[in-house]
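What follows is a set of notes on a single structure, which appears directly below.
Hydrogens, waters and symmetry mates are skipped; everything else that's a heavy atom, side chains included, is used. Everything quoted here is computed from the prediction, not taken from an experiment.
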Amino acid sequence: MKVKEVAELTGISVRTLHHYDDIGLLSPQKMAESGYRIYKTKDLENLQQILFFRELDFPLRQIKEIMMSPLYDHEEALRVQRKMLIEKRKRIDQMITTINQTIQCEEGEIEMTDKERFAGIDFRHNPYEEEARQRWGDTAVEQSKKKIASMGEEEQQEMAQAFDAIYKKLATVRDEPADSEKAQAYIEEWFLYLNQLGSYSLEAFKGLGQMYVDDPRFTKNIDKYGDGLAEFMKNAMAVYAERNQR
């Protein structure tokens, strides 16, 4: 199928499909001589997976990480998505019930407690992300943890010293642009060192940087070396990953 036909089939815009291709999330397996994108059955299967994850509020970056994970299995993903969508339906049903009760309360038919008024409503986090992380995410992080756990005490001390030296070095350039020559040289040292502990793809490296600001524990530990270091590293790691994927 050509891109226009896929857009008509799914209701997704041609522009969105082009964007999925540009970021490496869904690239057609075959290009016709005319230059048109040609979507085969496997591409459509992957697109279906992407749309189910989007319905569950997963960001594109995380969807790509999941689908590129060596642990990813298409059929397993469908079963997990079905489970997650059923849970989402239950939450929506609860919110509809809350809306109905609120209308009755506004009309003076019933009284509601504050807790009842917000039943089924929780925007603090995506309730499906933790299961996805356990199944398909953080592979490199887990590899690193296992390798560190297998080290002797002396090796762990050497590793801690290496971490300390790299963080201190990065802290000296945290006020520079993340794409500066020095910042990128220092962040490359971090990338190469991490790959001695695990197997970090560029996408996983970028995702790890995002975790530095998303997880307060990471932010607190990294910012001990200088205020704003976690944010700087996130930005520098993203630049490094994008530059080296070209």
Stepwise side chain to side chain contact (heavy atoms under 4.5 Å, CB included) check, Met1 with Asp43: CA-CA 10 Å; Met1 299 179 73; Asp43 298 314; over 6 Å; no

Any Leu26 side-chain heavy atom under 4.5 Å of Met67 side chain: no

Beyond-backbone contact of Leu17 with Arg37, side-chain heavy atoms, under 4.5 angstrom: no

Inter-residue atom distance Tyr39.OH - Thr10.OG1, 0.5 Å rounding: 9.0 Å

Option among Met233, Met211, Gln210 that satisfies the side-chain contact (heavy atoms from CB on, under 4.5 Å) test with Phe218: Met211

Gap separating the NZ atom of Lys224 from the CG atom of Leu229, nearest 0.5 angstrom: 13.0 Å

Arg91 side chain vs Lys88 backbone, donor-acceptor pair below 3.5 Å: no

Euclidean distance, Cys105 SG relative to Glu116 CD, rounded to 0.5 Å: 9.0 Å

Test log, rule side chain to side chain contact (heavy atoms under 4.5 Å, CB included), inputs Val3 and Asp21: CA-CA 11 Å; Val3 64; Asp21 189 2; over 6 Å; no

Distance (rounded to the nearest 0.5 Å) between Asp227 CG and Ile222 CD1: 13.0 Å

Side-chain donor-acceptor pair present, Gln81, Glu55, cut-off under 3.5 Å: no

Any donor-acceptor N/O pair, Arg54 side chain to Ile63 backbone, under 3.5 Å: no

Salt bridge (Lys or Arg N to Asp or Glu O under 4.0 Å) between Glu87 and Lys90, intermediate numbers included: CA-CA 5 Å; Glu87 291 173 357; Lys90 290 178 181 178; over 6 Å; no

Under 3.5 Å donor-acceptor, Thr172 side chain and Lys169 backbone: yes

Expected output: side-chain Gln62 to main-chain Pro59 donor-acceptor under 3.5 Å: no

Within one Ile-Leu-Val-Met-Phe-Trp-Tyr cluster: Ile166 and Val239, side-chain cutoff 4.5 Å: no

Whether Phe163 and Tyr167 hold their rings parallel, tilted or perpendicular, with breakpoints at 30° and 60°: perpendicular

Flag, side chain of Asp223 to backbone of Ala230, donor-acceptor distance under 3.5 Å: yes

Evaluation steps, salt bridge (Lys or Arg N to Asp or Glu O under 4.0 Å), between Arg79 and Glu75: CA-CA 7 Å; Arg79 296 183 186 281; Glu75 185 175 344; 2.9 Å; yes

Single-linkage hydrophobic cluster Ile86~Met84, side-chain heavy atoms < 4.5 angstrom: no

Side chain to side chain contact (heavy atoms under 4.5 Å, CB included) between Ile103 and Glu107, intermediate numbers included: CA-CA 6 Å; Ile103 291 171; Glu107 293 176 347; 3.8 Å; yes

Any side-chain heavy-atom pair of Lys42 and Glu45 under 4.5 Å: yes

Lys206 side chain to Arg61 backbone, donor-acceptor under 3.5 Å: no

Rounded distance (nearest 0.5 Å) linking atom CG of Asp214 with atom NZ of Lys234: 8.0 Å

Mutual orientation of the aromatic rings belonging to Tyr240 and Phe191 [parallel < 30°, tilted 30-60°, perpendicular > 60°]: tilted

Check: Thr97 and Gln94 side chains under 4.5 Å, non-hydrogen atoms: yes

Whether over 12 other heavy atoms sit under 6.0 Å from Glu181 CD: no

Nearest-0.5 Å distance that lies between atom CG in Leu85 and atom CG in Leu78: 10.5 Å

Cluster overlap Leu170 with Phe205, hydrophobic side-chain contacts below 4.5 Å: yes

Test log, rule side chain to side chain contact (heavy atoms under 4.5 Å, CB included), inputs Leu44 and Gln48: CA-CA 6 Å; Leu44 296 179; Gln48 184 195 52; over 6 Å; no

Gln101 side chain vs Arg117 backbone, donor-acceptor pair below 3.5 Å: no

Cluster overlap Phe232 with Val213, hydrophobic side-chain contacts below 4.5 Å: no

Shortest non-hydrogen contact between Ala178 and Ala183, atoms and distance: O-CB, 3.7 Å

ILVMFWY network linking Phe52 to Leu9, side-chain heavy atoms under 4.5 angstrom: yes

Parallel, tilted or perpendicular, as decided by the 30° and 60° cut-offs, for the rings of Phe58 and Phe53: perpendicular

Closest non-hydrogen atom pair between Met237 and Gly209, with its separation: CE-N, 3.5 Å

